[in-house]
Amino acid sequence: MPPSRASADALLSWYDRHARRLPWRTPPGGPAPDPYAVWLSEVMLQQTTVAAVIPYYERFLSRWPTVSDLAAAPQDDVLTEWAGLGYYARARNLHKCAKVVADEHGGVFPDTEDGLRALPGIGAYTAAAVAAIAFGQPATVVDGNVERVMARLFAVTEPLPDSKADLKRLAATLTPRKRAGDYAQAVMDLGATVCTPRSPSCLGCPWQEPCAAQSEGIQDQLPKKRRKTAKPVRRGVAFWVIDGTGRALLRKRPDSGLLGGMTEVPSTPWQEDATWTPDAALPHAPVTVEGWRPLPGLVRHTFTHFHLELAVLTAALSHPGPEDAGRWVDVADMGGEALPTLMRKVVKHALQAALDPHH
DNA sequence: TACCCGTGGAG
DNA sequence: TCTCCAAGGGT
């Protein structure tokens, strides 16, 4: 491993000129931002793009201005506000964390990496990020950006995730004691805007000269990663029922696992290599009625590790729906439901078919 | 350790 | 259409 002449000062100087202005940020060299705002943004940004996060961040901060406000909210309200952002365990842990901070820490976030790391939903990355950005501690922040920057700067050719520990050690050798928060954001900004996964802009990089990968011309090939396995297809049948008062039947999913705690349109299990016939699907129907009919087309959705194809069976009741079947919700009130994107697709598909004169 | 866990944009 | 992947954490 050749010693790098990369310096934190060179990167901070670049950051002073190129820092992106983001809603949760204070300007370079400025006062530290509110720890609650930093934590909220960091949790939302886990595996999620800045563009997707911004509107959610603004709504959360407006609705719950402090961690104690968030702690006092019902979990369903938090899940409804999070709906569409994905990885819903983040929302459940966000709420859990807020309650711990409010109840056990007097509404004040711990200011150390270890203290933060002990909270729900805060792992190694987020603990370091909040400690550095909100509290100015010289913690080494390692996210996907930092891994990529370090892999190139030091020409680490071992593939991820095997190289994770090495990349973290290398990152730690560069972390400065001063301006820790600015530096943490600077490395990530460098990765997001200059040292990008494809076609990095080495000419504008403050670390071009010391970059080992750039000098070898292999920056496009790093970091190496192991091949990902193909996604299988799972299939299921969803049941769209409207009762005699114009309400649709929804349910709350179990509070752990896929889409945990979120609202769903009832369905059969989702099975790999399954072809659902009506006879196979109907035993899973949430209400017993005659006259189920299939809607044309399929609802397609892709999750992290499988593709889903959902057929939809629909039926109409002539009376108010049975209360034990689930929750009967007026179609006009769907906006207030914790419906993940997949379920919004199902609702849209069903409503669209109801308006479509072809069938 | 390896797997589970969403979504949308880019190329 | 398809693959990659984005400020990861939990188990």
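Throughout, a chain's letter reflects where its sequence line sits, starting with A, and its residues are numbered from 1.
Ionic pairing of A:Asp16 and A:Arg179 is present here: one or more N-O contacts between side-chain nitrogen and carboxylate oxygen are shorter than 4.0 angstrom. Between A:Arg169 and A:Asp166 there is a salt bridge, since a side-chain N of the basic residue sits under 4.0 Å from a carboxylate O of the acidic one. The pair A:Asp255-A:Arg92 does not meet the salt-bridge criterion, since no charged nitrogen lies less than 4.0 angstrom from a carboxylate oxygen. A salt bridge links A:Asp162 to A:Arg226: at least one charged side-chain nitrogen sits closer than 4.0 Å to a carboxylate oxygen.
The 5' end of DNA chain B is approached more closely, in terms of each residue's nearest nucleotide, by A:Arg226 than by the other of A:Arg226 and A:Ala52.
Contacts of A:Pro340 with the nucleic acid, taken as non-hydrogen atoms under 4.0 Å apart, involve only primed sugar atoms and P, OP1 or OP2.
Between A:His18 and A:Trp14, the ring-plane angle classifies as parallel under the 30° and 60° cut-offs. The aromatic rings of A:Tyr57 and A:Trp24 lie perpendicular to each other, with more than 60° between the two planes, well past the 30° mark. Taking the six-membered ring where the residue is Trp, A:Trp82 and A:Phe60 present perpendicular rings, their angle passing 60° and hence far from 30°.
OP1 or OP2 of B:dT7 sits under 4.0 Å from a side-chain N or O of A:His301. Regarding contacts with the backbone of B:dT7, a side-chain N or O of A:Thr341 is found under 4.0 angstrom from either OP1 or OP2. OP1 or OP2 of B:dC3 has not a single side-chain nitrogen or oxygen of A:His305 nearer than 4.0 Å.
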For this session: Heavy atoms under 4.0 Å is the rule here; annotate nucleotides 1-11 of chain C 5' to 3' with B where the base is hit, S where only the sugar-phosphate is, and - elsewhere.
Result: ---SSBBBSS-
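Between the C1' atom of B:dT7 and the CZ atom of A:Arg300 lies a distance of 18 Å, rounded to the nearest Å. When the P atom of B:dA2 is taken as reference, atom CG of A:Leu160 falls 13 Å away, rounded to whole Å. Distance, A:Leu258 CG to B:dC3 P: 18 Å, rounded to whole Å. Computed from coordinates, the A:Met343 CE to B:dT7 P distance equals 9 Å when rounded to whole Å. With rounding to whole Å, A:Leu342 atom CG is found 15 Å from B:dG8 atom C1'. For the pair A:Leu79 CG and B:dG6 P, the interatomic distance rounds to 11 Å; values are reported in whole Å. If you measure from atom OH of A:Tyr88 to atom C1' of B:dC4, you get 16 Å, rounded to the nearest angstrom. A:Phe303 places its CZ atom 13 Å from the C1' atom of B:dC4, with the value rounded to the nearest Å.
Results of the ring-ring contact (aromatic ring centres under 6.0 Å, His included) test with A:Phe303 over A:His305, A:His301, A:His307 single out A:His301 as the only residue that passes.
Side chains of A:Glu42 and A:Tyr125: a donor on one and an acceptor on the other come within 3.5 Å.
The stretch residues 58-70 of chain A has no heavy atom under 4.0 Å from DNA chain C, so no residue of it qualifies as close.
C:dA7 and B:dC4 have their P atoms separated by 24 Å, given to the nearest Å. The separation of C:dG9 from B:dT1, taken at their C1' atoms, amounts to 15 Å, rounded to a whole angstrom.
Aromatic pair A:His284/A:Trp276: centroids less than 6.0 angstrom apart.
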